[in-house]
Amino acid sequence: MKGFGISVILCVCCCLPCCYADKTALEMARQCKHILMDKDVEPRERRANDTLRVLVPWKTGYTEFVNFNTGTCVIDGFSVQVFLQAVLRMEQNSSPLRYQFVVHGTGSETRPYNEMLGMLTRKEVDMVVGDLTITKERLENVSFTVPYMATQLAMVTRYSYGSAGTVWDFTKPFSRNLWITLLMSLLVTGAALYFLEDKNPDFFAASKVHNSDSSHACASTRPPSRSSSDPPQDNPPPFPSESDGPHIIPQSLQSSFHTSDSVVNVNAPPISRYKPVLEASKANSSDNNHIRYNDILLQQPVGVPIYDETSRIRRFTNAYWFTAMCVLQSQQESVRTHLGRIVTVMWLLLMIIFNSSYTASLATLLSAEQRFPTIDNFEVLRKNTTIPIGYQQGSFLVDYLKNTQLKGHEFRGFASAEEFEQAFRKGPHSPEGIGAVLDELAFLQLLLASNCDLTIASAGDDILSAFGGFAFAFQKGDALVDKISMMILELLADGTVQRLLNAWKLGSDASNKCGSNNRVHVLTLRSFGGLFGILAVVYLICLTCRALTKTILRR
């Protein structure tokens, strides 16, 4: 019994400060002679005058919309200023409006807004001004003006720090469109080199043995040298000299030499055409007066490609192999034409720029600390019923969400942004903590402005509800609905509402105030649009010149 008495005393002592604070606030509010309290309002039939009774909420949080200062007896806020500006416009149009504010609440907590709509339907007040959202259920009982601010449901959660790496992190420095454009550029460059280098023997060789003394690979392959232990070979008959008259190539040496236009059988070529072959063969021959037959077959004059059954496929493959090797700057084939060299230089320039950009972005991605939402999207929250959800006291959202999309979740109400921050710090596993907040976007932007550890986690793929917006409420059939609506439309048209939003710091994303979130900015196609444009123009000019040259030569 003694313990019970002590408990009662403790409870009374704890409640006295709260009761005293509420009583002090009410007493101060009653001293405001031009402002009525909701309990002092009489129905319209009992009023002595026709003054418009304007009901406003006594909010304990998010006072940027409606704020009742008991010390100065001033009711202010964004929503109140929109109403006052509309009344001022009516006075300018010779339609003065007499009104008196009525405060709903006690100052200890934000009362549900549906209670204010109940007073409106009972005709205890004539109008409700505040951050009142238009919904289908409310519209059945009262009339609303046109909305003065848009609203939409959004979700806020805390950041988690660390790395959310995946096996596809190497593709993140570039956007998808940029990767596709790079691939298309590679294909176009390969096709351009295939067309421009149609007489390049490097692009016809099947399998080349690169000479280590050469600066680039060539299309010819030297025969293996004979050692002293090899059996002696019969000396081949001498190659005809220039003084021997007409040149007849033996049947065993007759070969078909191809050009880009046709196949020409060379039986009696001028000896000067084979001077490089003769000099190279004589230098390597034991007898300076003879050359070997196989040297003639293997040595190919520069500019005369060797065609076989798969030469076109080889040229096509080698052109793309050369283009791909330019990405790593390890190409070995030579480019013989001036137009081909221009295309190659432009492609190499493109690859140098993209290699450096990719390396810098990937290094930043792998080394910088990343921030990610603890809850990826609304669908994850809907499936996990163990996460407690916070909502704003007095909001209609709690009933709406319980009956529609989030059945089985635990909801915890808070009055202000400071209370939401404290609940987030305690975490979802605490009896007083939360893991996410669901509210209208206008309120969540104020929450983000005061805490940079929070983020809007609802993604674009989430299908979240959109409501009718903030508006003023009247009784059904009230003629003032149309007049106030016209004034609001004028305020929206001339930018007055936007200036009020800026003055109260509402309606803007607060992420820029928190600095960088350490996310790596993906390089998009827009960043390199000028470079790809220059590349396309150069390719087009080179291909056009080559096509015109071939057309003129054929004539």
Side-chain angles (χ1 to χ4, degrees), residues 18-91 95-132 142 144-145 148 392-395 415-416 470-475 478 480-481 483-484 487-488 491 500 503-504 506:
C18 298
C19 296
Y20 178 76
D22 295 345
K23 184 178 180 181
T24 303
L26 285 173
E27 290 178 354
M28 294 181 66
R30 294 182 186 279
Q31 293 178 1
C32 301
K33 301 300 182 180
H34 61 285
I35 297 177
L36 297 177
M37 303 303 296
D38 55 352
K39 296 181 180 179
D40 301 332
V41 176
E42 295 181 353
R44 190 178 184 87
E45 295 81 8
R46 302 178 185 177
R47 297 178 196 169
N49 51 48
D50 57 352
T51 302
L52 193 70
R53 299 286 192 260
V54 180
L55 186 63
V56 294
W58 192 347
K59 295 173 67 70
T60 57
Y62 297 107
T63 55
E64 290 83 358
F65 290 92
V66 178
N67 182 27
F68 176 36
N69 191 333
T70 58
T72 59
C73 296
V74 173
I75 297 176
D76 201 1
F78 169 69
S79 300
V80 177
Q81 286 296 326
V82 173
F83 167 72
L84 295 178
Q85 291 292 327
V87 172
L88 182 61
R89 291 294 177 93
M90 291 182 65
E91 293 178 355
S95 299
L97 184 66
R98 297 178 57 187
Y99 63 91
Q100 185 178 19
F101 284 119
V102 179
V103 177
H104 176 259
T106 60
S108 60
E109 62 177 1
T110 303
R111 302 291 296 275
Y113 280 19
N114 287 336
E115 293 181 3
M116 294 191 297
L117 296 180
M119 295 180 62
L120 186 63
T121 55
R122 294 192 299 269
K123 299 183 179 181
E124 296 177 3
V125 294
D126 303 312
M127 179 182 181
V128 177
V129 170
D131 46 346
L132 192 65
V142 297
F144 285 96
T145 63
Y148 58 87
Q392 184 184 171
Q393 289 180 355
S395 175
S416 63
F470 292 154
F472 305 141
F474 288 87
Q475 298 173 11
D478 197 326
L480 284 175
V481 176
K483 294 182 179 180
I484 298 295
M487 297 302 105
I488 293 175
L491 296 175
L500 291 174
W504 290 94
L506 299 174

> I'd like to check L120 versus Q475 (side-chain heavy atoms, cut-off strictly below 4.5 Å). Are they in contact?
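Answer yes - side chains close enough.
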
> For F65 and L506: C-alpha separation, side-chain torsions, deciding distance, then whether side-chain contact (heavy atoms from CB on, under 4.5 Å) applies.
CA-CA 9 Å; F65 290 92; L506 299 174; 4.0 Å; yes

> Taking it one step at a time, do L88 and Q85 satisfy side-chain contact (heavy atoms from CB on, under 4.5 Å)?
CA-CA 5 Å; L88 182 61; Q85 291 292 327; 4.2 Å; yes

> Looking at CD1 of I75 and OG1 of T70, how far apart are the two atoms once the value is rounded to the nearest 0.5 Å?
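So the gap between those two atoms works out to 11.0 Å.
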
> Just how far is it from atom CD of Q393 to atom OH of Y62, taken to the nearest 0.5 Å?
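With rounding to 0.5 Å, CD (Q393) is 11.0 Å from OH (Y62).
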
> With side-chain contact (heavy atoms from CB on, under 4.5 Å) as the criterion, how do E124 and V102 come out once you've worked through the C-alpha distance, each side chain's angles and the decisive distance to 0.1 Å?
CA-CA 10 Å; E124 296 177 3; V102 179; over 6 Å; no

> Is there a side-chain contact between F101 and F68 in this structure, where contact means two heavy atoms from C-beta onward sitting under 4.5 Å apart?
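Of all side-chain heavy-atom pairs linking F68 with F101, none is under 4.5 Å.
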
> What's the separation between atom CD1 in I488 and atom CD1 in I484, rounded to the nearest 0.5 Å?
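Result: 7.0 Å between the selected atoms.
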
> Roughly how far, to the nearest 0.5 Å, is CE of M127 from CG of L52?
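Those atoms lie 7.0 Å apart.
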
> Check whether any side-chain heavy atom of L117 sits under 4.5 Å from a side-chain heavy atom of L132, and report yes or no.
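Side chain of L117 against side chain of L132, heavy atoms only: contact under 4.5 Å found.
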
> Any salt bridge (Lys or Arg N to Asp or Glu O under 4.0 Å) involving residues 96-115? Give me the pairs, sequence neighbours left out, ordered by first then second residue.
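The answer is R111-E115.
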
> Suppose we screen for side chain to side chain contact (heavy atoms under 4.5 Å, CB included). Which residues come up paired with D478, at least two apart in sequence or across chains?
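Expected list: F474, L480, V481.
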
> Looking at P57 and G130, what are the two nearest heavy atoms and their distance?
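So the minimum-distance heavy-atom pair works out to CD-CA, 4.4 Å.
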
> Can you list everything that forms a side-chain hydrogen bond (donor to acceptor under 3.5 Å, both in side chains) with Q81? Sequence neighbours excluded, please.
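Per chain and number, Q81 pairs via side-chain hydrogen bond (donor to acceptor under 3.5 Å, both in side chains) with D76.
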
> Taking ring-ring contact (aromatic ring centres under 6.0 Å, His included) as the definition, give me every residue that meets it alongside F83, ordered by chain and number, with sequence neighbours left out.
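F83 satisfies ring-ring contact (aromatic ring centres under 6.0 Å, His included) with Y99 once adjacent residues are dropped.
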
> How would you list, by chain and number, every residue that makes a ring-ring contact (aromatic ring centres under 6.0 Å, His included) with Y148, sequence neighbours excluded?
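Expected list: F78, F472.
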
> So how far is it from L97 CG to K483 NZ, rounded to the nearest 0.5 Å?
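Spacing of CG (L97) from NZ (K483) equals 9.0 Å.
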
> Taking only residues two or more places apart in sequence, or in another chain, which ones meet T121 in a side chain to side chain contact (heavy atoms under 4.5 Å, CB included)?
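Checked T121 against side chain to side chain contact (heavy atoms under 4.5 Å, CB included); matches are N141, V142.
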
> To the nearest 0.5 Å, what is the distance between CE (M119) and CG (D126)?
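Answer rounded to 0.5 Å: 10.5 Å.
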
> Would you say that Y113 contacts V128 through its side chain, given a criterion of any heavy-atom pair below 4.5 Å between the two side chains?
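No; the side chains remain at least 4.5 Å from each other.
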
